[in-house]
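This report concerns only the one structure given below.
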Amino acid sequence: MKKVLRLAGQVLVIAAITLALDYILTATLFSSLKQAMSDPEARNERVYVAAPYHHDLAPDVKATRVWGNILYSWQTDRFGFRTGDCAPRTPEKGRENIFVIGDSFTEALGSSYEQSFPGLMACEAARQGKAVWNLGVASYSPAIYHRRSGRRPSDWKSSPRISLFSSTCRT
């Protein structure tokens, strides 16, 4: 009986120490991260929406998101495409459109639009009178893009298109 009580006491002491350290570290060292993660704008629940083909980015969202310990600005346009300062605002007939499709690497999780490879392409293309659209969405696969392919503004159907695909999926 003494062994059982001693073991139960040790378990309670270890649990109390663990909880105390967790509380102290969360309240002091990680307070800014805790605050950012408790902010609804910083979480993912507002930026992804259900779609018939699986999921998509919500249109017209401007948020600060968290990726690990990184806070970054994140924005979508009226079509639900990741956007930034260099991104085109509206489709124009006759303008060359470049569509960059892919998964979280293309969506640029943890990075501002301007620091992502689609954003860098968009800034250069804008100087040349072209448009780069970032269609990247985290956890996308070629099968989801195939199911999603019918969703595009009618103005794009007659304009030239170049599509680039980036995927970090490995099979």
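Numbers here are sequence positions counted from 1.
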Open item on the list: For the backbone of Gly110 and the side chain of Tyr72, can you confirm whether one donor and one acceptor N or O come within less than 3.5 Å of each other?
Closed with: yes
TODO: Indicate if Phe81 and Tyr113 have the same hydrophobic cluster label, given that clusters are the connected sets of ILVMFWY residues with side-chain heavy-atom separations under 4.5 angstrom.
DONE: no
Open item on the list: Between Trp74 and Trp67, is there shared hydrophobic-cluster membership here, with clusters defined by ILVMFWY side-chain heavy atoms closer than 4.5 Å?
Closed with: yes
Open item on the list: Please give me the minimum heavy-atom distance between Val132 and Ala125, naming the atom from each residue.
Closed with: CG2-CB, 3.6 Å
TODO: Could you tell me the separation between the OG atom of Ser112 and the CZ atom of Arg65, rounded to the nearest 0.5 Å?
DONE: 13.5 Å
- [ ] Could you grab the distance from atom CG of Asn134 to atom CZ of Phe117, nearest 0.5 Å is fine?
- [x] 7.5 Å
Task: Val100 versus Pro118, closest heavy-atom pair with distance - done: CG1-CG, 4.1 Å
Task: Val47-Ile70 co-clustered via ILVMFWY side chain contacts under 4.5 Å - done: yes
Task: Partners passing side chain to side chain contact (heavy atoms under 4.5 Å, CB included) against Arg6 (at least two apart in sequence or in another chain) - done: Gln10
Open item on the list: How close do Phe79 and Asp77 get, counting heavy atoms only, and between which atoms?
Closed with: N-OD1, 2.9 Å
Open item on the list: Under a plain distance cut-off of 3.5 Å, with no hydrogens placed, do Arg89 and Thr83 share a side-chain donor-acceptor pair?
Closed with: yes
Task: Side-chain (Glu114) to main-chain (Asp85) donor-acceptor, under 3.5 angstrom - done: yes
TODO: To the nearest 0.5 Å, tell me how far Lys62 NZ sits from Thr76 OG1.
DONE: 11.0 Å
TODO: To the nearest 0.5 Å, tell me how far Thr64 OG1 sits from Gln75 CD.
DONE: 11.0 Å
Open item on the list: Let me confirm one number: the OH-CG distance from Tyr48 to Leu57, rounded to the nearest 0.5 Å.
Closed with: 6.0 Å
Open item on the list: Working to the nearest 0.5 angstrom, can you tell me the gap between Cys86 SG and Glu124 CD?
Closed with: 10.0 Å
- [ ] Decide yes or no on side-chain contact (heavy atoms from CB on, under 4.5 Å) for Val137 and Asp56, but give the supporting numbers first.
- [x] CA-CA 7 Å; Val137 180; Asp56 212 341; 3.9 Å; yes
Open item on the list: Which residues pass the side chain to side chain contact (heavy atoms under 4.5 Å, CB included) test with Leu21, not counting sequence neighbours?
Closed with: Ile17
TODO: Identify the two heavy atoms, one from Arg95 and one from Pro88, that lie closest to each other, and give their separation to 0.1 Å.
DONE: NH2-CB, 3.7 Å
Task: Over all atoms of both residues, closest heavy-atom pair of Ala138 and Leu109 - done: CB-CD1, 3.8 Å
TODO: Compare every heavy atom of Gln115 with every heavy atom of Leu120, then report the nearest pair and how far apart it is.
DONE: CD1-O, 4.3 Å
